[in-house]
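If you're wondering where the values come from, they're calculated on a predicted model, not measured in any experiment. Each chain gets a letter, A, B and so on, in the order its sequence line appears, and its residues count up from 1.
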Number of protein chains: 2
Amino acid sequence: MAVLERNLSLSQRMTQELGRAIVCGEYNVHESLPSEAVLCEDFGVSRTAVREAVKMLSAKGMISSRQRQGIRVLPEEEWNILDPDLLRWSLESNPSMRVLQEFLQMRIAIEPEAAWLAARHANPERIQAIHGALDRMEAARGKDPEAALEADIDFHISILYASENRFFIRMRDFTRTALNVSIRHTNVIKSNPAGVVADHGKVLDAIERQQPDEARDAMYALIDEALRFIESELDQPGKTA
Amino acid sequence: MAVLERNLSLSQRMTQELGRAIVCGEYNVHESLPSEAVLCEDFGVSRTAVREAVKMLSAKGMISSRQRQGIRVLPEEEWNILDPDLLRWSLESNPSMRVLQEFLQMRIAIEPEAAWLAARHANPERIQAIHGALDRMEAARGKDPEAALEADIDFHISILYASENRFFIRMRDFTRTALNVSIRHTNVIKSNPAGVVADHGKVLDAIERQQPDEARDAMYALIDEALRFIESELDQPGKTA
DNA sequence: GCACCGAAATGGTGTCATTTTTTTATCAGA
DNA sequence: TCTGATAAAAAAATGACACCATTTCGGTGC
């Protein structure tokens, strides 16, 4: 059995194990999972641990558990895929180009609008945070790719915060996860990091000058470039060599 | 007391009760909630019910529960406010104009882009669903406001489905909740239901003719009208009489 | 100031209760 | 006598509960 040594509680480990298994498609939709008793045997834990894991996953919309009926996997439409845990499990198990494309389509909806709002509100502290991230991008450029990635992510997330809208801010984990994966893919071709930093600078500049439409367009261009790259990959798979 | 629906399980009722209480701000952030034992007393249930409710809410990012430390409310940033349950609790407890505005800002990010994608894919079945919703809007116009509201919601959700992107589709519950509240507010002033139906028709028309940019613009205009109304309300509160 | 001990809170277990479905048995009608 | 339907009973799964274990923070004593 694949018991992960963590300092997490038993229920949390069970949740991760079961969640991952479901995301991986090890249990068919609308089919009953093994009963709690069987899961206890399989994982070598008590029923409480299994039950709390079941509750956690049903809180995320992944399964339903009713008396006599047993535990059932709900159709994927019902899953709270914006949930950080679910996102992580999805990407770890299913890092397909198709998901990457859908990620970027979502980002292209969210982030330009967030930039628009950020330009309207222009809270100095929030702008300072964006500035800091951009500076770190510039500093790490060409030298420390890992730090550059971190700074890139911080840049985008700082803008979400600057929108001053709780729903945009909530997309933080979504954006972080999406960026972590997609930047590693798209940076293969973008061998012009100076240009990337400049493009990011345009967004910040528009926000500072409180030009919402400019900020939106600049952010749109930034993400659209990555999206077009992914879509060209999807059209002619295997082009990268 | 406030014992709700009898056909829900004890844990589910506890989850709702506790969730609502937390959303209402009855417990301060970073402060310990009553211990599980006390909650058992307060609600007259066993510890299992309380514990499962705690697990559910921590799966939604609302609380953290550690040994000896007790149960603590996490800062609002950590809450999965896209979760349907959390959304419902939020709106039932805190139906402020501010939240409504943030709802609409989010919709204006999501739905125009979804319409754009829908126009690109133009799956006949999905378009048929949008058509059906629009027809029902037209049929109920001026006669059955409740049916008109239902049809309106179905229209917007059908477009999310037509985007063929799992993340947009997932915004279904968000959109449904937002619309349910916001339409009731904005329809007070919009005494021109024929014009509303026509505006919706423009979106569908653009999708059918596979004109993504037109579809996006039409959807943007549709939501922007409601947003402007809300923002004028926020600027001069109490204008409605 | 350090170490040990105790209390308080969640973590984990075994057992019984409840609900729902399925199967079987009985009765009625052809 | 055979077939069908209905009702009752049993079984299988989750739901609920009381009890014990473990961990961690705080106090106290040396």
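- The backbone N or O of A:Arg136 sits nowhere less than 3.5 Å from a side-chain atom of A:Arg141 that would complete a donor-acceptor pair.
- Closest-nucleotide positions on DNA chain C for A:Glu52 and A:Arg47 were compared, and the one nearer the 5' end corresponds to A:Glu52.
- Evaluation of the side-chain hydrogen bond (donor to acceptor under 3.5 Å, both in side chains) rule for A:Lys60 yields A:Asp83, A:Asp85 as partners, not counting sequence neighbours.
- The salt bridge (charged side-chain N to carboxylate O under 4.0 Å, His left out) search around A:Glu146 returns A:Arg184, not counting sequence neighbours.
- Atom NZ in B:Lys55 sits roughly 18 Å away from atom C1' in D:dG15 (whole-Å rounding).
- Close to C:dG12, at under 4.0 Å from its OP1 or OP2, lies no side-chain N or O of A:Ser46.
- Rounded to whole Å, atom C1' of D:dT24 lies 10 Å from atom CD of B:Gln69.
- Spacing between atom CE of B:Met14 and atom C1' of D:dG15 amounts to 15 Å, rounded to whole angstrom units.
- Partners of B:Arg68 by salt bridge (charged side-chain N to carboxylate O under 4.0 Å, His left out), not counting sequence neighbours: none found.
- Distances shorter than 4.0 Å separate some side-chain N or O of A:Ser11 from OP1 or OP2 on C:dG12.
- The salt bridge (charged side-chain N to carboxylate O under 4.0 Å, His left out) test applied to A:Glu102 returns A:Arg98, B:Arg166, not counting sequence neighbours.
- Going from atom CZ of B:Arg72 over to atom C1' of C:dA9 covers 12 Å, rounded to whole Å.
- Evaluation of the ring-ring contact (aromatic ring centres under 6.0 Å, His included) test over residues 46-88 of chain B, restricted to residues two or more places apart or in two chains, returns none.
- Regarding A:Ile71, its CD1 atom lies at a distance of 17 Å from the P atom of D:dA12, rounded to whole Å.
- Of the residues in residues 58-68 of chain B, those with a non-hydrogen atom less than 4.0 angstrom from any atom of DNA chain C are B:Ser65, B:Arg66, B:Gln67, B:Arg68.
- Side-chain N/O atoms of B:Arg51 and base N/O atoms of D:dA16 include no donor-acceptor pair closer than 3.5 Å.
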